Amino acid sequence: MTVKTRRLHGVGVDLVSRSRMKMFLSRHRDMITRRFLNDSERRRRTNIGLTELAELFTAKEAFFKACNEPWMGLGGFRGMRITERRGDGFTMEWKVAGTRRCYRGEGVFFRDGDLVGAHTMIWS
Amino acid sequence: MNNEIFKKVQETLAGALGVDASDVTPDASLKRDLGAESIDFIDIIFRLEKSFDLKIPANDLFPSHIFTNERFVKEGMVTPEGIHELRTKLPYLDLGAFDKDPQVVKLADYFTVKMILRYLEERLGKSSGCSGTCKS
């Protein structure tokens with residue numbers, strides 16, 4: 001029997017304070033909906049909540065880091081999506097627009113008081 | 001000196017980054033000196049759009065399109081062609097000595113207050129009086 005071994009491509013961690021995110025959301029709710037969320041996220045959430053946005057943001061930011069790609073701004077964020085969520089665990093995918101690069105990985109959310117974070121790993 | 005743009009930028013960045021307006025000098029690096037992180041770059045774009053009543057398209061102020069082109073970035077380094085692209089498409093971004101160590105992850109260190117001022121001068125057709133590229 002052949003055992004398939006996985007190799008770690010990258011690890012990413014991100015952390016954001018809920019108070020910072022609250023300020024961001026209250027100031028730019030409309031722009032966040034139109035320009036940060038992608039189509040499928042917009043369809044699912046007509047009125048995104050603070051914790052949900054904090055989780056989505058940290059997951060995407062952590063995934064950027066795990067991919068070892070440079071920060072690609074709003075276009076990069078829109079290109080990523082959480083493909084499955086189970087409790088605090090999730091899987092993610094990013095097809096980098098305009099390239100053949102596609103990353104798939106997994107992650108876990110964590111919280112500590114005011115902080116919301118995500119830890120992601122990409123296996124090749 | 002017409003520094004209305006500069007004052008508005010100072011207020012915008014101080015509000016977004018939680019720093020003193022006096023710390024927002026033209027040469028300050030958004031990341032290294034003012035502590036900007038990813039969420040702050042997005043906040044800055046949205047706040048500038050509101051303050052100046054304009055739309056800042058993706059890739060306009062903080063470049064990302066070059067990162068998706070394998071001619072411009074290879075193995076984490078911006079190629080000479082990529083540097084040329086940056087200089088041509090983003091003339092307000094002062095790359096200084098970036099070409100000596102063109103690690104793509106270090107590009108954000110070159111995002112300065114002056115870069116924003118130059119960008120706004122170009123978009124608004126006015127001088128901020130502070131970017132060193134006065135158009136009178």
Side-chain angles (χ1 to χ4, degrees), chain A residues 10 12-38 50 53-65 67-80 94-103 115-118, chain B residues 11-12 14-19 30-31 35-51 53-79 82 85-86 90 93 98 102-111:
Chain A
V13 180
D14 194 60
L15 204 55
V16 71
S17 80
R18 287 166 55 88
S19 43
R20 174 71 179 97
M21 193 52 81
K22 190 176 179 182
M23 205 167 72
F24 181 60
L25 182 61
S26 63
R27 202 175 178 94
H28 307 300
R29 177 177 286 281
D30 180 51
M31 301 241 237
I32 289 166
T33 306
R34 282 190 290 117
R35 294 168 64 190
F36 174 77
L37 302 182
N38 58 38
L50 172 62
L53 178 63
E55 286 181 349
L56 197 55
F57 186 89
T58 54
K60 291 187 176 194
E61 187 65 20
F63 204 61
F64 260 129
K65 294 171 187 172
C67 295
N68 203 23
E69 292 274 357
W71 190 75
M72 291 191 201
L74 290 163
F77 282 124
R78 278 195 304 271
M80 291 181 192
W94 181 25
K95 289 178 184 155
V96 187
T99 75
R100 281 174 292 177
R101 300 197 292 276
C102 179
Y103 299 96
L115 299 172
V116 174
Chain B
E11 283 165 17
T12 303
L17 302 172
V19 297
L30 300 179
K31 192 176 165 190
E37 297 175 347
S38 173
I39 188 172
D40 301 316
F41 285 114
I42 298 173
D43 194 9
I44 288 167
I45 291 172
F46 290 166
R47 283 179 189 241
L48 288 173
E49 289 188 345
K50 283 181 184 165
S51 299
D53 192 25
L54 49 81
K55 168 94 196 283
I56 300 174
N59 296 324
D60 229 20
L61 189 52
F62 304 116
S64 59
H65 69 292
I66 75 150
F67 305 138
T68 59
N69 191 324
E70 279 147 24
R71 277 191 305 137
F72 299 150
V73 177
K74 272 189 191 141
E75 291 165 8
M77 307 293 270
V78 182
T79 63
E85 175 79 4
L86 282 170
L90 304 167
L93 174 62
F98 177 71
Q103 292 180 54
V104 78
V105 291
K106 289 191 174 172
L107 188 61
D109 290 346
Y110 292 83
F111 298 164

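As the structure is a prediction and not an experimental result, all values here were calculated from the model. The sequence lines fix the lettering, A, B, ..., with proteins before strands; numbering per chain opens at 1. Keep in mind that the numbers below use all heavy atoms, side chains included, and drop hydrogens, waters and symmetry copies.
The environment of CG in A:N68 is sparse: at most 12 heavy-atom neighbours from other residues, nucleotides or ligands sit within 6.0 Å. Residue-environment remark: NZ (B:K50) exceeds the threshold of 12 foreign heavy atoms within 6.0 Å.
To the nearest 0.5 angstrom, B:S38 atom OG is 11.5 Å from A:K60 atom NZ. The distance from atom CG of A:D30 to atom CZ of B:F46, rounded to the nearest 0.5 Å, is 9.5 Å. Distance CG/A:L74 to CD1/B:I56: 10.5 Å, rounded to 0.5 Å.
The two residues A:F77 and B:I42 make their nearest non-hydrogen contact at CE1-CD1, 3.3 Å.
With contacts defined as side-chain heavy-atom distances shorter than 4.5 Å, the pair B:E37/A:R20 does not qualify. Using a 4.5 Å heavy-atom cutoff, the side chains of B:E49 and A:H28 are not in contact.
Contacts between B:I45 and chain A at a heavy-atom distance below 4.5 Å involve the side chain alone, from C-beta outward. Neither the backbone nor the side chain of A:F64 comes within less than 4.5 Å of any heavy atom of chain B. Heavy atoms closer than 4.5 Å to chain B are found in both the backbone and the side chain of A:R27.
Heavy-atom pairs under 4.5 Å with chain B were tallied for A:V96, A:T99, A:D14; the largest tally goes to A:T99.
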